[in-house]
Amino acid sequence: MKAWTVSPYAVVQVWRRNALVWRKLAVPSLLANVIDPVFALMAFGLGIGSLVDTVGGQPYLTYIAVGAVCISAMNAPTFESLYSAFSRMQVQRTWQSIMYTPVRLSEIVLGEWLWAATKGGISTLAMMVVLALLGVGDWAFWLFGWLLLCLACLMFAAMGLCVNARAPSYDFFMFYFTLVITPQTFLSGAFFPREQLPGWLAAIAGHLPLSLVVDLMRGVHQGVWTDAPALLLQIVVYTVLASYWAVALSKQRFARQNG
């Protein structure tokens, strides 16, 4: 049990270190995380939206806008917890340098986790501003929706760090994007209702992490909170399990390297 004790101060300092470095590149980094989902929103929302009147009883632009901000909550922390974290761990060996101080590996991983989720929270906040300018939602959706998206960012950041702990190189991440991220993007209900899928596939897709976020956000947008407790519980379970395994797998990796 002692090995799992964590100093909140050390975790915050790891988070702060990453934030100070990112501050120098904040604007281009933020634009990169926001422009892609905004372009997708414009292309699908205005392009396909001109061919489709309504989906689920609402304009297609509104429908896809909610899905786009959910995808942003998945992509931004995923990229940070994969490529950026791997660079600090394997290439720059920042993690090893930090461990010469009293900071332990578990605290580094948790600090990276919080930082990746923070970057996701910043990106989704920017996306929420875009949705507000488009007239999608109201203040309750913007506020409560963003808070829920921050929880989603924690989930996806933890999942990414699990993959990071097993990656031998950057190329390994393509398997994760191809087999996990891309299927979630198209099967989660972000672009079209999952009811259009075959029954067996819709049943499986309904338990994907991004599907939970999409369903939760659509409920918040429509003011329907009936399924919110069950969806939140599943997201919390995914987050706790992924964060635990992110630390455990990272410890295994370093144990092998030092063995």
Looking at [X] and [Y], what are the two nearest heavy atoms and their distance?
X: Ala157; Y: Ala117; value: CB-N, 3.9 Å
X: Leu82; Y: Gly160; value: CD2-O, 3.1 Å
X: Ala152; Y: Val213; value: CB-CG2, 3.6 Å
X: Ser211; Y: Arg194; value: CB-NH1, 3.6 Å
X: Ala65; Y: Leu131; value: O-CD2, 3.8 Å
X: Gly120; Y: Cys153; value: C-SG, 3.4 Å

Should [X] and [Y] be regarded as members of a common hydrophobic cluster, given that ILVMFWY residues are connected when their side-chain heavy atoms come within less than 4.5 Å of each other, either directly or indirectly?
X: Leu125; Y: Leu133; answer: no
X: Met217; Y: Leu147; answer: yes
X: Val247; Y: Val12; answer: no
X: Val91; Y: Ile98; answer: yes
X: Leu25; Y: Trp15; answer: no

Distance in Å, [X] [atom1] paired with [Y] [atom2], rounded so as to fall on 0.5 Å steps:
X: Ile108; Y: Met99; atom1: CD1; atom2: CE; result: 5.0 Å
X: Asn164; Y: Arg253; atom1: CG; atom2: CZ; result: 6.5 Å
X: Met127; Y: Leu149; atom1: CE; atom2: CG; result: 9.5 Å
X: Leu154; Y: Thr118; atom1: CG; atom2: OG1; result: 8.0 Å
X: Leu187; Y: Ile204; atom1: CG; atom2: CD1; result: 9.5 Å
X: Phe177; Y: Phe172; atom1: CZ; atom2: CZ; result: 12.5 Å

Under 3.5 Å: donor-acceptor pair, side chain of [X], backbone of [Y]:
X: Tyr60; Y: Phe191; value: yes
X: Glu107; Y: Arg104; value: yes
X: Ser81; Y: Thr78; value: yes
X: Ser250; Y: Ala246; value: yes
X: Arg218; Y: Val224; value: no
X: Thr185; Y: Ile181; value: yes

Residue among Trp95, Phe173, Phe79 satisfying ring-ring contact (aromatic ring centres under 6.0 Å, His included) with Phe86: Phe173
I'd like to know if the side chain of Trp113 pairs up with that of Ser243 as donor and acceptor (distance under 3.5 Å, no hydrogens or angles considered). no
Tell me, do [X] and [Y] make a side-chain contact under 4.5 Å, heavy atoms counted?
X: Val180; Y: Leu208; result: no
X: Tyr176; Y: Arg166; result: no
X: Val109; Y: Lys251; result: no
X: Tyr238; Y: His207; result: yes
X: Val236; Y: Leu151; result: yes
X: Gln257; Y: Gln90; result: yes
X: Leu197; Y: Phe192; result: yes

Transitive ILVMFWY cluster of Val237 at side-chain heavy atoms under 4.5 Å: who else is in it? Leu233, Leu241
Where at least one partner belongs to residues 83-94, residue pairs that pass salt bridge (Lys or Arg N to Asp or Glu O under 4.0 Å), sequence neighbours excluded: Glu80-Arg88, Arg88-Glu112
Can Leu148 and Leu232 be said to form a side-chain contact (heavy atoms from CB on, under 4.5 Å), step by step? CA-CA 9 Å; Leu148 295 173; Leu232 277 171; 3.6 Å; yes
Between Leu231, Asp227, Val220, Leu210, which is the residue that forms a side chain to side chain contact (heavy atoms under 4.5 Å, CB included) with Asp215? Leu231
Trp115 and its side chain to side chain contact (heavy atoms under 4.5 Å, CB included) partner, picked from Asn18, Val14, Val11: Asn18
Is the count of non-hydrogen atoms from other residues, nucleotides or ligands lying under 6.0 Å from Trp142 atom CH2 greater than 12? yes
What's the verdict on side-chain contact (heavy atoms from CB on, under 4.5 Å) for Trp146 and Thr124, showing C-alpha distance, side-chain angles and the deciding distance? CA-CA 7 Å; Trp146 180 70; Thr124 53; 3.3 Å; yes
For Ser87 and Tyr170: C-alpha separation, side-chain torsions, deciding distance, then whether side-chain hydrogen bond (donor to acceptor under 3.5 Å, both in side chains) applies. CA-CA 9 Å; Ser87 295; Tyr170 291 110; 2.5 Å; yes
